[in-house]
There are 2 protein chains.
Amino acid sequence: MSGFLINADDMEAIATGGAFLGTGGGGDPYIGKLMAQAAIAEYGPVTVIDVEDVADDALCVPVCMMGAPTVMVEKLPNGQEAREALAQLEAFLGRKADALICVEAGGLNSTIPFAVASATGLPLIDGDGMGRAFPEIQMVSFTMQDVSATPMVIADEKGNSSVLNTISNVWTERLARVQTVQMGGSALVALYPMSGLQVKKSILRNTLSLIREIGQTIASEKASRRNPAEALIRRLDGKRLMTGRVVDIERRTEGGFARGTATLKGMDQDEGSTFKVHFQNEFLIALNDRDEMLAVTPDLICALDADGGLPVTTEQLRFGLAVTLIGLPCDPQWRSEAGVDLVGPGYFGYAQTYVPLEELPNGN
Amino acid sequence: MSGFLINADDMEAIATGGAFLGTGGGGDPYIGKLMAQAAIAEYGPVTVIDVEDVADDALCVPVCMMGAPTVMVEKLPNGQEAREALAQLEAFLGRKADALICVEAGGLNSTIPFAVASATGLPLIDGDGMGRAFPEIQMVSFTMQDVSATPMVIADEKGNSSVLNTISNVWTERLARVQTVQMGGSALVALYPMSGLQVKKSILRNTLSLIREIGQTIASEKASRRNPAEALIRRLDGKRLMTGRVVDIERRTEGGFARGTATLKGMDQDEGSTFKVHFQNEFLIALNDRDEMLAVTPDLICALDADGGLPVTTEQLRFGLAVTLIGLPCDPQWRSEAGVDLVGPGYFGYAQTYVPLEELPNGN
């Protein structure tokens with residue numbers, strides 16, 4: 001049986017890599033890292049296993065946080081809610097979980113499951129449902145393979161919870177989102193309970209290994225006093241979209257999401273140009289000053305601090321910050337018709353049509 | 001064992017009496033009457049039992065509709081949702097219900113439980129949790145006796161549902177209300193599962209018998225070509241607040257409630273005066289033209305068509321309609337400090353303090 005152990009030190013690389021693939025959203029993994037490190041100190045390291053080592057009839061459960069990242073960083077989970085959500089789902093199903101899953105290989109939700117895995121002693125499967133971060137429940141590869149998001153448990157830190165059963169994963173999102181808002185803007189959930197066989201068909205593989213490797217690359221490039229952008233672009237088949245300073249940032253928390261637009265003034269080779277990047281928790285579309293798309297969801301738009309080299313989340317964007325935006329191709333299944341329907345620009349209300357990153361113009 | 005049978009014909013009186021004690025809200029019982037009559041035609045009559053005949057360890061479950069009456073009359077329940085909500089609650093509890101309860105002795109929720117009782121063959125207990133209608137989940141005598149509203153099931157006609165578990169009945173209201181809005185403005189719920197012993201301590205007794213008697217009184221007075229107002233006032237220790245025509249009606253559906261104000265121009269002995277009645281699903285406060293209160297929640301404000309003599313709901317109020325408003329004293333427990341906190345004018349956002357009906361001025 002293959003697999004590897006994650007201890008407290010390893011969480012540094014996972015949090016950094018998760019912040020990068022978080023495409024600006026999903027919440028700052030820093031909080032999840034602290035939660036995971038505290039759990040590992042108390043309960044011991046986490047075993048990450050290959051999906052091929054999961055029994056076909058195993059019960060596998062993703063656990064994650066739901067809500068606006070702007071709220072999550074102010075209303076910290078106490079570490080108990082996610083375990084409570086899992087325990088309630090197990091009680092409802094009348095069966096204990098055999099393994100845990102990350103819904104996102106990005107943001108807070110790439111680190112919180114490590115805390116739950118450590119506390120429960122359950123292994124975590126190497127993979128996730130997005131290969132990045134996305135804002136809504138139904139936006140996972142599990143939906144593409146007809147896995148139901150329910151029964152799902154949503155729980156808050158006060159002791160309120162509910163078990164949802166819905167006719168579609170979009171209905172799960174609707175009913176869970178309004179409860180998240182009532183619960184104070186964030187909540188912990190256990191959902192998409194599935195068999196090992198379903199996991200093998202639907203999970204995006206080895207993405208936890210990938211974010212650890214991304215985090216290690218960022219750390220070693222920084223140690224060599226290089227900006228990690230070039231190394232990451234090479235490793236991930238991506239491209240540099242632009243480098244510039246934030247000159248305007250407009251943001252609002254509405255309907256349980258952090259929405260907004262950042263305007264950037266180009267620097268270095270992009271001197272003289274202006275760029276815009278729109279976000280809805282995650283960066284979703286980047287445009288140059290002729291309103292040409294440089295990258296668009298579901299392809300990834302990742303931000304690195306142009307000076308320090310660390311990933312930047314949308315809530316960290318502030319006037320004067322210099323960032324490099326990097327475009328990465330998404331998992332091939334997001335580029336199918338069903339994938340673009342689920343997470344393409346049209347779903348988020350943009351007029352643009354999806355065009356693969358490779359076919360879009362470079363920078364200005 | 002005492003008790004009585006309710007067949008399809010009896011539902012006429014129950015619906016009329018329920019509309020009267022519905023204090024303008026709770027939805028037009030007409031729809032519930034049709035549902036109950038259809039169920040009785042298919043499954044047979046309903047047995048209404050005295051609460052003293054319920055075993056102390058029996059599982060007793062209120063079932064009702066939740067949402068804005070303005071929506072309920074347009075989005076009719078198909079009769080299956082309430083049974084589905086009950087069945088899911090039974091599955092969650094791992095036990096079948098022994099008896100059903102009405103949460104309200106007013107409006108739609110005084111008739112829908114008859115449909116469920118007929119279809120399931122379960123007896124209905126003679127009593128309810130309000131002695132009238134109120135707009136929110138926690139506003140029941142059960143809350144006053146520390147009965148938890150959860151586990152509660154909320155279900156819609158599409159097949160979505162959830163099982164809530166909350167730290168207080170106010171939290172139940174919050175999390176269920178936002179789901180009701182998402183579900184399209186109305187939903188069916190099964191909640192406050194309780195033992196026979198808890199029912200005996202908390203239920204307001206014999207209110208189903210009472211609304212049947214009220215309905216019978218209205219029918220016999222109308223048959224004798226008398227307006228039923230005087231007979232009802234005598235029987236229920238109430239008083240006439242005013243008689244007048246609607247000259248203005250302002251209404252809006254917001255946050256899952258039907259809110260508004262009706263202005264009435266006095267006629268007959270009230271000629272020359274103007275009155276206002278404010279509602280939030282139910283009539284909550286009646287004022288004369290010196291802004292003196294004539295009656296205020298939790299005391300009941302009931303409306304009768306001054307010409308036809310039938311009860312009038314807030315959604316039936318229209319320009320030119322002549323109505324008689326009747327004040328009735330509420331159940332004594334609503335007049336306790338805890339009762340006034342739960343359902344008094346302050347909770348609904350009115351500046352006025354509760355004064356018992358008997359101490360308020362008569363009319364203009």
Side-chain angles (χ1 to χ4, degrees), chain A residues 66-67 78 80-81 83-95 136-138 148-191 193 254-257, chain B residues 66-67 78 80-81 83-95 136-138 148-191 193 254-257:
Chain A
M66 174 160 184
N78 64 23
Q80 186 54 43
E81 307 98 308
R83 272 178 281 164
E84 184 59 31
L86 175 65
Q88 287 199 28
L89 184 60
E90 290 175 329
F92 186 84
L93 294 170
R95 186 176 165 189
E136 298 185 6
I137 282 180
Q138 76 281 7
S148 171
T150 64
M152 160 182 172
V153 172
I154 176 167
D156 71 13
E157 78 290 354
K158 296 174 277 293
N160 297 304
S161 66
S162 65
V163 187
L164 285 166
N165 277 289
T166 60
I167 52 171
S168 72
N169 296 349
V170 170
W171 269 105
T172 317
E173 163 66 23
R174 285 180 195 154
L175 296 182
R177 186 68 53 183
V178 289
Q179 292 186 81
T180 298
V181 172
Q182 283 296 312
M183 285 171 167
S186 69
L188 274 293
V189 303
L191 70 179
E254 61 179 28
F257 295 110
Chain B
M66 174 162 185
N78 63 25
Q80 186 54 44
E81 307 97 310
R83 272 177 282 165
E84 183 59 33
L86 175 65
Q88 286 199 28
L89 183 60
E90 290 176 327
F92 186 83
L93 295 169
R95 186 176 165 189
E136 298 186 4
I137 282 180
Q138 76 281 8
S148 171
T150 65
M152 161 183 172
V153 172
I154 176 168
D156 71 13
E157 77 290 355
K158 294 173 278 295
N160 297 303
S161 66
S162 66
V163 187
L164 284 166
N165 277 289
T166 60
I167 52 172
S168 73
N169 297 349
V170 171
W171 269 104
T172 317
E173 163 66 24
R174 284 180 195 154
L175 296 182
R177 186 68 52 185
V178 290
Q179 293 186 80
T180 299
V181 173
Q182 283 296 311
M183 285 171 168
S186 70
L188 274 294
V189 303
L191 70 181
E254 60 180 27
F257 295 111

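Side-chain atoms are counted along with the backbone in the values below, which use heavy atoms only and exclude waters and symmetry mates. Chain A is the first sequence line, chain B the second, and so forth, proteins listed ahead of strands; every chain is numbered from 1.
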To the nearest 0.5 Å, what is the distance between [atom1] on [X] and [atom2] on [Y]?
X	Y	atom1	atom2	value
B/N165	A/Q88	CG	CD	6.0 Å
B/L175	A/D156	CG	CG	7.5 Å
A/N160	B/R174	CG	CZ	8.5 Å
A/K158	B/T166	NZ	OG1	12.0 Å

Query raised in the report: Among A/P151, A/G159, A/A91, A/S161, which has the most heavy-atom pairs under 4.5 Å with chain B?
Result: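 Ranked by contacts with chain B, first place is A/S161.
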Query raised in the report: Can you tell which of A/T172, A/I167, A/T150, A/L164 has the highest number of heavy-atom pairs within less than 4.5 Å of chain B?
Result: A/I167
Query raised in the report: Can you name the closest pair of heavy atoms from A/Q179 and B/V178 and give their distance?
Result: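 Looks like N-CG2, 4.3 Å.
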Query - side chain to side chain donor-acceptor pair (under 3.5 Å) against B/T180, all qualifying residues, sequence neighbours excluded - result: none
